[in-house]
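Everything below concerns the one structure shown next.
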There are 2 protein chains.
Amino acid sequence: MPARARDAVGTRDDLLAAARRRFAADGYDRTTIRAVAGDVGVDAALVIRYFGSKEGLFTRAADLDLRLPDLTGVRAGDLSKVLVGRFFAVWEGDDTFLALLRAAATSEVAAEAMRSVFAAQVGPALAAVTDDRAPERAALVAATVLGFAMARYVLRLPPLVDMPRDQAEAWLGPTLRHYLLD
Amino acid sequence: MPARARDAVGTRDDLLAAARRRFAADGYDRTTIRAVAGDVGVDAALVIRYFGSKEGLFTRAADLDLRLPDLTGVRAGDLSKVLVGRFFAVWEGDDTFLALLRAAATSEVAAEAMRSVFAAQVGPALAAVTDDRAPERAALVAATVLGFAMARYVLRLPPLVDMPRDQAEAWLGPTLRHYLLD
DNA sequence: AGTATAAGTCATCGCGTGTTGACACCAGAG
DNA sequence: CTCTGGTGTCAACACGCGATGACTTATACT
């Protein structure tokens, strides 16, 4: 691999990381290609070269993989602990989820991306632990998680911003169990 | 009151209604003053005259009153029914709530407006039925409602879009009771 | 050595935006 | 009949945006 190309791969990834940060912090519309390029110290035209358009950049940057584990065989008592742990990792691991969430409020493309994450990842993973009304149950779990994320990271309601992880788990656990098992 | 002035009051209210509709459908950034003015059949400059700026228009349009009833004396069993009923009325009554929610994802001004609705209306109303950790409990209730609204009206997750009101109440009821009373 | 290929820059275009100030219209008051 | 104040229009400005295409640079391959 040529040295310059190695640099380029780095720049590409830097652009994606900067884009995620910007989209997560400012939403889709307020994020400008110029700002993303500026964060990396590169010209805006290069972003277009690499990703074709702003929407192309977003699509690449907001490609979300929840990495949900296989839940078959997980005991009912451990279910919520596993789920809450996983979702915390996704929220605070990088900015992808927040970027998608913020953008989804405004952009139909982002909303569709969210729906496809739900259909491809959340639904199937949760179907393994419920025997009836699986889509409905999965949607309620998603709504719970979305609401908590919205209140904590976007709206920043004080009581939730400061809430430690284990307390969040203690509150959300019974709710998730209710949606999945009752 | 002069006839012309009566017309003007009508125009003002029409502008606010159109702004609510646009902000609710498109979010803050994608809503243009020209579009709002166009919906009413009026020049964009008039909107500025009346509301000073786009932000002024939004502030007036997104002034949200949840009209939560006094909950003291409501039996524990009826609590969730009252709350869910009230929130459905707010979501589907007009576009104010959705406008605020969509905008809050992007705009710090809108997020602050949301926090103040929470602090001035939701918190106090729910404090009447809980004796400890009231702010925390109220925030969890808010997160639940926000998540459901986000999933149903913004993301449009199919299982929730089609869910009838009484079924939503059956699902959300135990969750709200858990957050308020456990 | 020379050429192709990819990285990156630069100037610029077209467009839509929020906002402004000057103007036109029309009702009611003196 | 004139004046005043509010309603509404019009043309325009300044700005920032996404996007384009021509250009420069430097590396790797033949």
Side-chain angles (χ1 to χ4, degrees), chain A residues 1-62 99 102-103 106-110, chain B residues 1-62 99 102-103 106-110:
Chain A
M1 181 180 294
R4 197 55 185 270
R6 235 187 300 125
D7 289 359
V9 171
T11 303
R12 238 188 101 98
D13 289 352
D14 288 352
L15 283 171
L16 284 175
R20 266 186 280 266
R21 249 176 289 130
R22 288 278 180 178
F23 283 129
D26 305 332
Y28 184 84
D29 295 295
R30 290 169 128 90
T31 294
T32 70
I33 291 187
R34 282 170 166 90
V36 172
D39 289 346
V40 180
V42 128
D43 193 275
L46 190 63
V47 179
I48 299 288
R49 258 256 220 285
Y50 279 156
F51 304 101
S53 66
K54 184 181 180 180
E55 193 175 305
L57 172 65
F58 176 79
T59 302
R60 299 291 178 132
R102 271 223 162 82
T106 297
S107 153
E108 183 51 35
V109 176
Chain B
M1 181 181 294
R4 196 55 184 269
R6 237 186 302 125
D7 290 358
V9 171
T11 303
R12 238 187 102 97
D13 289 351
D14 288 351
L15 282 172
L16 284 176
R20 266 188 281 266
R21 249 175 289 132
R22 287 279 180 178
F23 283 130
D26 304 333
Y28 185 84
D29 295 295
R30 289 169 128 89
T31 294
T32 70
I33 291 189
R34 281 171 167 87
V36 172
D39 289 347
V40 180
V42 127
D43 193 275
L46 191 64
V47 179
I48 300 289
R49 258 256 224 287
Y50 279 156
F51 303 101
S53 66
K54 183 181 180 180
E55 192 175 307
L57 173 64
F58 177 79
T59 302
R60 299 291 179 131
R102 272 224 163 83
T106 296
S107 154
E108 183 51 35
V109 175

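These values consider heavy atoms only, across backbone and side chains, with no hydrogens, waters or symmetry-generated copies. Every chain is numbered from 1 and lettered A, B, ... according to where its sequence line falls, protein lines coming before strand lines.
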Interatomic distance where CD1 belongs to A/I48 and P belongs to C/dA7 [whole Å]: 16 Å
Counting only side-chain heavy atoms from C-beta out, which of C/dT19, C/dT9, D/dA19 sits nearest to A/V42? C/dT9
By nearest-nucleotide position on DNA chain D, the 5'-leaning member of A/G52 and A/R30 is A/R30
Go through C/dG18, C/dC10, C/dT20 for me and flag the one nearest to the A/A45 side chain. C/dC10
Between A/R49 and A/T31, which is nearer to the 5' end of DNA chain D once each is assigned its nearest nucleotide? A/T31
Might you point out which heavy atoms bring A/A44 and A/I33 nearest each other, and give the distance in Å? O-CG2, 3.7 Å
To the nearest angstrom, how far is B/F51 atom CZ from D/dT7 atom C1'? 14 Å
Considering all heavy atoms, the nearest B/Y28-B/A103 contact: CB-CB, 4.1 Å
Write down the atom of B/A61, the atom of B/R20, and the distance for their closest heavy-atom approach. O-NH1, 2.9 Å
Strictly below 4.0 Å: does A/T11 bring a side-chain N or O up to OP1 or OP2 of C/dG8? yes
First encountered from the 5' end of DNA chain C, between B/Y28 and A/R34: A/R34
Quickly work out the A/L46 CG to D/dG18 C1' distance and round it to whole Å. 15 Å
Starting at atom CD of B/E55, determine the distance to atom P of C/dT17, rounded to an integer number of angstrom. 18 Å
Whole-Å gap separating C1' (D/dG16) and CG (B/D29): 13 Å
Whole-Å distance separating the NZ atom of A/K54 from the P atom of D/dC17: 9 Å
Rounded to whole Å, how long is the line connecting atom CZ of B/R22 with atom P of C/dT17? 10 Å
For residues A/V47 and A/A37, report the shortest heavy-atom separation together with the two atoms involved. CG2-CB, 3.8 Å
Spacing of A/F58 atom CZ relative to D/dG18 atom P, expressed in whole Å: 14 Å
Atom CZ of B/R60: over 12 foreign heavy atoms under 6.0 Å: no
Using the side-chain heavy atoms of B/D43, tell me which of these nucleotides is nearest: C/dT19, C/dC10, D/dT9. D/dT9
Examine D/dG8: is either OP1 or OP2 under 4.0 Å from a nitrogen or oxygen in the side chain of B/Y50? Give yes or no. yes
